[in-house]
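What follows is a short report on a single structure.
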Amino acid sequence: MNQALQTLIDRGFVKACTDYDALSALMDEGPVTLYVGVDPTGSSLHIGHMVPFFAMHHLQKAGHNLIALVGGGTAMIGDPSGKSEMRKMLTIEQIRENSASIKDQIGTVIDFNGGEGMGTAVMHNNADWLLDLNYITFLREIGRHFSVNRMLTFESYKQRLERGLSFVEFNYQLLQSYDFHILHQKEGCRLQIGGDDQWGNIVSGIDLIRKLGGEQCFGLTFNLITRADGHKMGKSEKGAVFLDPALYSPYDFYQYWRNVNDEDVVRFLKLFTFLPLDQIARYEGEGADINEAKELLAWEQTKIIHGKDEADKARSAAQALFSTDAGISTENREGMPSITVERSELEQGIGVLDLFSRTDLAKTNSEARRLVTGGGAWVGQQRIDDPRSTIDLSFLDEAGEILLRAGKKRYFRIVIV
RNA sequence: GGAGAGGUUCCCGAGUGGCCAAAGGGAGCAGACUGUAAAUCUGCCGGUUAUACCUUCGAAGGUUCGAAUCCUUCUCUCUCCA
């Protein structure tokens, strides 16, 4: 088996392949150009979106060439795969903006600038060829190769048939197949990768290329990443774990990984870090230091996405906060989410409820009240259980700040100006 | 085009004139236990200037002392027929 392909299998990415042997042989021959589709319907990706890119990272290092295809054209239609509702349509302008920020985020895992011994990486947008399509021409040249009977047997369409599926969405498969065809023609792309839910679309693309007289192409799908508790990967209590630091702070990002289930740690280390497998193997089996593994996972992952500085900050903040009574220096507070409060305002005293609801710890006054009466609100080392309490200068700590805490793990820093 | 069923709080889902801010479950938050894990148990779970008031049961009107519940129109979804 080809080395790079084997790496993906060993790290737990691979779910299925259209032809392992032939693909392996092709990859042995030399660099292969492959692509993955990216959905530009949001301004930020979340970690669940990143799986194919982590896989691509390994492939790029092995010298293969990558294409990230932004679905600027298809996003204007919507993808039925696994979606229970029709997506809202976006303007071209929105899609362009989203694509730009998404490229930056993908760039943390694969290298668009290439490098010594590495494959190249580029981004394309299928709007470039989809928007100009002529309906009749498309039907004549592409549409005639598709069988509705066959399409209806696909699981993703079956589900949608129960709930309703619009004609535009039904066409998605043709467009994605067409994308593959175009990339094959123009860029010599031979392989499409994607989530397990893309299997049908990928296979259709391969068939289309063959029918149009192209080379044999391949599909490789990845496991849908699940969590031991059955939640969707990348979703947290707060919603999706976005990569954009403005939407999900690096500190919280670190915490998300620090708090994964025991059963998930090793699997995630393989998928979401670049650590060599023999190093990860140490954490397998009974008796392994599971907490050390989680810390490593959180740090590595934060480093990859947000950079080493942020990862260090998040880690030292976390260590200070969770270790017994170690002082919390100003330095290791930096990674924490914070707001500022005027000194003069604090002199007058601010109601606890007011203060908490200004932070992300409580969205509303009522929520803050619940937190306080429930015994989960802390100011510094002091538990506040009276909702009428006011917080004033006497609560300032050695660093001249106030640390709010909700429950055991959620911290917020109040900086005085 | 015709007939029927239905739209309830984050999700599922009860509720068919006052006892409804609306059962139950899930999710979530907090407390206990722990390892910043899981499981379990307990409390909370629309908003506010908080023993009261305000906004919510697809939308707009109407009946009534009183409507998520009754009537009218509109709208969306689903099923069956053509």
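- To the nearest whole angstrom, the two P atoms, one in B/rU49 and one in B/rG15, are 36 Å apart.
- A/Asn261 comes within 4.0 angstrom of sugar-phosphate atoms only, judged by non-hydrogen atoms across all strands, and of no base.
- Side-chain atoms of A/Gln198 and A/Gln192 include no donor-acceptor pair closer than 3.5 Å.
- The six-membered or imidazole ring of A/Tyr251 lies away from that of A/Tyr411, with a centre-to-centre distance of 6.0 Å or more.
- Annotation: B/rU36 and B/rA30 have their C1' atoms spaced 16 Å apart (nearest Å).
- Summarising the geometry, atom CD1 belonging to A/Ile110 is positioned 5.5 Å from atom CE belonging to A/Met56; distances are rounded to the nearest 0.5 Å.
- Between the P atoms of B/rA23 and B/rU16, the separation comes to 14 Å (whole Å).
- Of the C1' atoms belonging to B/rC57 and B/rC10, the separation is 15 Å, rounded to the nearest Å.
- Taking atom P on both B/rA67 and B/rC12, the two are 27 Å apart, rounded to the nearest angstrom.
- The partner of B/rC20, taking Watson-Crick or G-U wobble pairs whose two distances both stay under 3.5 Å, does not exist in any strand shown.
- For the pair A/Gly375 and A/Lys408, nearest-nucleotide mapping onto RNA chain B gives the more 5' position to A/Gly375.
- Dashed line: the shortest gap from a side-chain N or O of A/Lys294 to OP1 or OP2 of B/rA38 is not under 4.0 Å.
- Side chains of A/Gln6 and A/Asp10: a donor-acceptor N/O pair is present below 3.5 angstrom, by distance only.
- Rounded to an integer number of Å, the gap from CG of A/Leu371 to C1' of B/rG28 is 13 Å.
- Remark: P of B/rC44 and CD of A/Glu367 are 16 Å apart, rounded to the nearest angstrom.
- Counting non-hydrogen atoms under 4.0 angstrom, A/Ala377 reaches nothing in the nucleic acid.
- For A/His181 and A/His184, the ring centers sit 6.0 Å or farther from each other.
- Atom NZ in A/Lys363 sits about 19 Å away from atom P in B/rC44, given to the nearest Å.
- Nucleotide B/rU40 has B/rA32 as its partner under the Watson-Crick or G-U criteria, with both atom distances under 3.5 Å.
- Here the P atom of nucleotide B/rC29 and the CG atom of A/Asp252 are 12 Å apart, to the nearest Å.
- Rounding to whole angstrom units, CG of residue A/Leu297 and P of B/rA37 are separated by 15 Å.
- Taking the P atom of each, B/rU8 and B/rA60 are spaced 16 Å apart, rounded to whole Å.
- Within the nucleic acid shown, A/Gln255 comes within 4.0 Å of at least one base atom, counting heavy atoms only.
- Across the interface with RNA chain B, nearest-nucleotide mapping of A/Gly407 and A/Glu295 shows A/Gly407 to be the residue nearer the 5′ end.
- In this structure, A/Phe412 has its ring center no closer than 6.0 Å to that of A/Phe356.
- Distances shown here put a side-chain N or O of A/Arg370 below 4.0 Å from the OP1 or OP2 atom of B/rG47.
- In this structure, B/rC70 and B/rG62 make a Watson-Crick or G-U wobble pair, each of the two defining distances being under 3.5 angstrom.
- Taking only side-chain nitrogens and oxygens, A/Arg410 never comes nearer than 4.0 Å to OP1 or OP2 of B/rC29.
- Under the 6.0 Å cut-off for aromatic ring centres, A/Phe274 and A/Phe54 qualify, their centroids lying closer than that.
- For a distance-only test at 3.5 Å, the side chain of A/Ser366 qualifies as a donor-acceptor partner of the base of B/rA50.
- Following rounding to the nearest Å, A/Leu361 (CG) and B/rG28 (P) show an atom-to-atom distance of 18 Å.
- Among the protein residues, A/Thr364 comes within range of the sugar-phosphate backbone only, with heavy atoms under 4.0 Å from sugar or phosphate atoms but none that close to a base.
- Base orientation for B/rU75: anti, the chi torsion being more than 90° from 0.
- Comparing the P positions of B/rU69 and B/rU56 gives an interatomic distance of 13 Å, to the nearest angstrom.
- Side chains of A/Gln105 and A/Ser44: a donor on one and an acceptor on the other come within 3.5 Å.
- With both pairing distances under 3.5 Å, B/rU48 is matched to B/rA52 as a Watson-Crick or G-U wobble pair.
- Atom CZ of A/Phe322 is separated from atom P of B/rU36 by 8 Å (rounded to the nearest Å).
- Side-chain atoms of A/Asn365 and base atoms of B/rG47 include no donor and acceptor less than 3.5 Å apart.
- Using N1 to N3 plus N6-O4 or O6-N4 for Watson-Crick, or N1-O2 and O6-N3 for G-U wobble, each under 3.5 Å, B/rG6 pairs with B/rC76.
- Rounded to whole Å, the P atom of B/rG18 lies 31 Å from the corresponding atom of B/rA50.
- Both distances falling under 3.5 Å, in either a Watson-Crick or a G-U wobble arrangement, occur for no nucleotide opposite B/rA14.
- As a whole-Å value, the separation of A/Asn259 CG from B/rG28 P is 13 Å.
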